[in-house]
Amino acid sequence: MKIYNTLTGKKETFVPLYQGRIDMYVCGVTVYDVCHIGHARSAVVFDAIRRYFRHRGYDIRFVKNFTDIDDKIINRAASEGLPWDKVAEKYIKKYYEDMHRLGVADADLEPRATGHIKEIIEIIKGLVEKGHAYEIDGDVYFSVPSFPEYGKLSGRKKLEEMLAGARVEVDERKKNPMDFALWKSSKEGEPAWDSPWGPGRPGWHIECSAMVLKHLGQTIDIHAGGADLIFPHHENEIAQSEAYTEKPFVRYWMHNGFITVNKEKMSKSLGNFFTIEEILQRFDPEAVRLFLLQTHYRSPIEFSNEPLEEAEHTLERFYQSLERLDDFLMLPEGKHESSPAGFDDENGIIASFKKHFVQAMDDDFNTALAIGHIFELIKEINRFLDAKPAGAKAKELMSGAKRELLEAAGVLNVFNRTPSEWQRALLKIKKVVAEEHAVLKEDVQITKFEIDIESLIAERQKARESKDWARADAIRADLEKRGIILEDKQGKTAWRVKI
RNA sequence: GGCGGCGUACCCAAGUGGUAAGGGAGAGGUCUGCAAAACCUCGAUGCAGCGGUUCGAAUCCGCUCGCCGCCUCCA
């Protein structure tokens, strides 16, 4: 398995520190506002990667933090008129709602900065004792010159060069302009914890060092996050952690690319962001997840409606094919045996799918290629079924193909509903069912709607039998206006939601 | 100013030395009462441009052009 390591700038063969086990830490979010699609990308990508590790048989310990104390939270508390910890609670709750809808599983451990003040103070004390940190007026700073390897992650070599064009406002009291805060003294009325340097709160970077150390250990296999965390956040984490433990902190650093809007990074400050909530009002969550996984995790993704609509079409294609496959598998067996030639070849698409899927994912988690393989398999299954196969052997081949398909789908956590669940979800998201009804009594209303459709289909069927094509076509056209497409198949008429 | 990334068909996108995955859109065909879906066929002699290394390059090297990111909080 190969992983691109930001530290070396290369794809490397992945070898965990302890055989069969992986310690992985992902930087989560600062909970001062709702999440946007950029946060979703990071969460979805590392969720898929975590699932893949598990699929490959690793015992993975997966930790993702919440930053629940920080200047932005304090500011937000002031503007919302809430206590700071209520602000954190509120957005943690919202985070879970959004992420669960996107199929992001909870981490094994989801520690919060404020739950680790004791450990943070311990580390800062150690760093001061070792001469890596110093106190000024209740603030404690990390001394960057005391850690010669500083800059190794972000590729920054000379501190002077970094400062030349930088837009940093330097705090005059710091010994070196690059020094960063480990502990910040609190002003009157701000949240504060007691410390050897007086009441204060932790700096941003130190929490991750403390939580990694406490929950995973001195050296971990993988540390991940968005590419914007490389500098200064992860660079600073390395400095603190390695200065404190004198051990390598992280073996593989992974960073996901940004979501862009008009080619520019989506960000709060530019105001060009779309929240997960508003996107999910218009698109199915599975389509959003698929959209995010159809591009390699390190490449930028340009955000717009079109690829999300395409993702819905892609899902439609998948579920239509799955339904067709299910229909075939439900068919009575019969004695007749007939399978088209070539489909059960050892090197054929069906037999080699699993190998290809694993190869793609083993190569730095190429989910885009892996999804490509899924659609090669879909096409092959459709081709097979087009040839009107029959008998036990054909069924065996198809049930095997279905098993492979769903196993791969499970790893990515897309394509894992039933075709009818997908259609029901579409009924809601495409607002085919009147909104007030859908909101008031979801499933009851939808079921009634489905019964209506079924009776219209029956009426149309009668018209067709008496060759009253005008009547049959009128019913079909009427349903299409309401967002329902009818498809006449062998022996039955199926309906689906128009995308 | 320093460091880094990107540029593949109409659109999205994979591909880091062996002769251009996949999806969408489009054209033609099979199927269908007609459709829809599915399937088949067609579609980049070429991967921003120029030059070089090589038996062989989208893939490596150099230069040029264009776009973006980090150096401030940021997924």
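Per chain, numbering begins at 1; letters A, B, ... match sequence-line order.
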- Under a 3.5 Å cut-off for both distances, is B:G66 Watson-Crick or wobble paired, and to whom? B:C6
- Query: With both distances under 3.5 Å as the test, what is the Watson-Crick or G-U wobble partner of B:U45?
  - Reply: none
- Query: What is the base-pairing partner of B:C60, counting Watson-Crick and G-U wobble geometry with both distances under 3.5 Å?
  - Reply: B:G52
- Note on the structure: Rounded to whole Å, the CD-P distance (A:Glu380 to B:A38) equals 16 Å
- Query: What distance, rounded to whole Å, do you find between the two P atoms, one in B:C6 and one in B:A14?
  - Reply: 11 Å
- Task: Would you mind telling me which of B:C73, B:C39, B:C34 lies closest to the side-chain atoms of A:Arg383?
- Result: B:C39
- Task: State the pairing partner of B:U30; accept Watson-Crick or G-U wobble contacts with both distances under 3.5 Å, and report none otherwise.
- Result: B:A38
- Which part of the nucleic acid does A:Lys268 contact within heavy-atom distance under 4.0 Å: base, sugar-phosphate only, or nothing? nothing
- Indicate the ring-plane relationship of A:His223 and A:Tyr25, choosing parallel, tilted or perpendicular according to the 30° and 60° boundaries. tilted
- Task: Could you say whether the aromatic ring of A:Trp469 and the base of B:G33 stack, counting only centre distances under 5.5 Å and plane angles under 30°?
- Result: yes
- Message: Does B:G69 have OP1 or OP2 under 4.0 Å away from a side-chain N or O of A:Lys263?
- Response: no
- No-H, no-angle donor-acceptor pair, A:Asp228 side chain to B:C73 base, under 3.5 Å: no
- Item | Euclidean distance for C1', B:C47 against B:A13 (whole angstrom) | 13 Å
- Query: P atom, B:C34 versus B:A20: distance in rounded Å?
  - Reply: 40 Å
- Message: Using OP1 and OP2 only, check whether a side-chain N or O of A:Lys379 sits under 4.0 Å from B:C40.
- Response: yes
- Task: Quick one: label A:Arg471 by what it contacts on the DNA or RNA (base, sugar-phosphate, nothing), any heavy atom closer than 4.0 Å.
- Result: nothing
- Nearest-nucleotide pick for A:Asp488, side chain only, options being B:A36, B:A75, B:A35: B:A35
- Query: B:C40 and B:G24: how far apart are their P atoms, nearest whole angstrom?
  - Reply: 12 Å
- Any chance you could lay out the salt bridge (Lys or Arg N to Asp or Glu O under 4.0 Å) test for A:Asp70 and A:Lys184, step after step, and finish with the verdict? CA-CA 10 Å; A:Asp70 150 283; A:Lys184 298 163 118 170; over 6 Å; no
- Query: What integer distance in Å separates A:Glu264:CD from B:C70:C1'?
  - Reply: 15 Å
- Query: Is there a donor and acceptor pair closer than 3.5 Å between the side chain of A:Arg476 and the base of B:A35?
  - Reply: yes
- Expressed in angstrom and rounded to an integer, what is the separation of A:Phe180 atom CZ from B:C71 atom P? 15 Å
- Task: Give none if B:G22 has no partner; otherwise give the nucleotide forming a Watson-Crick or G-U wobble pair with it, both distances under 3.5 Å.
- Result: B:C12
- Task: Send over the distance from A:Phe258 CZ to B:C70 P, rounded to a whole Å.
- Result: 5 Å
- Message: From C-beta outward on A:Lys265, which listed nucleotide comes closest to its side chain: B:C73, B:C70, B:A38?
- Response: B:C70
- N/O (side chain, A:Arg496) to phosphate O (OP1/OP2, B:A36) under 4.0 Å: no
- Note on the structure: The nucleotide from B:A38, B:G33, B:C40 with an atom nearest the side chain of A:Ala472 is B:G33
- Do the side-chain N and O atoms of A:Ser209 and A:Glu237 include a donor-acceptor pair separated by under 3.5 angstrom? no
- Item | N/O (side chain, A:Asn256) to phosphate O (OP1/OP2, B:A75) under 4.0 Å | no
- Query: Does any donor-acceptor pair link the side chain of A:Asp473 with the base of B:G33 at a separation under 3.5 Å?
  - Reply: yes
- Identified side chain to side chain contact (heavy atoms under 4.5 Å, CB included) partner of A:His234 from the options A:Leu7, A:Thr6, A:Leu153: A:Leu153
- Message: I want to verify a distance call: between B:G23, B:C34, B:A38, whose nearest atom is closest to the A:Arg324 side chain?
- Response: B:A38
- Side-chain H-bond candidate by donor/acceptor type, A:Asp68 with A:Tyr91, under 3.5 Å: no
- Note on the structure: Nucleotide by nucleotide, nucleotides 10-15 of chain B touches protein heavy atoms under 4.0 Å in the pattern (B base, S sugar-phosphate only, - none) -S-SSS
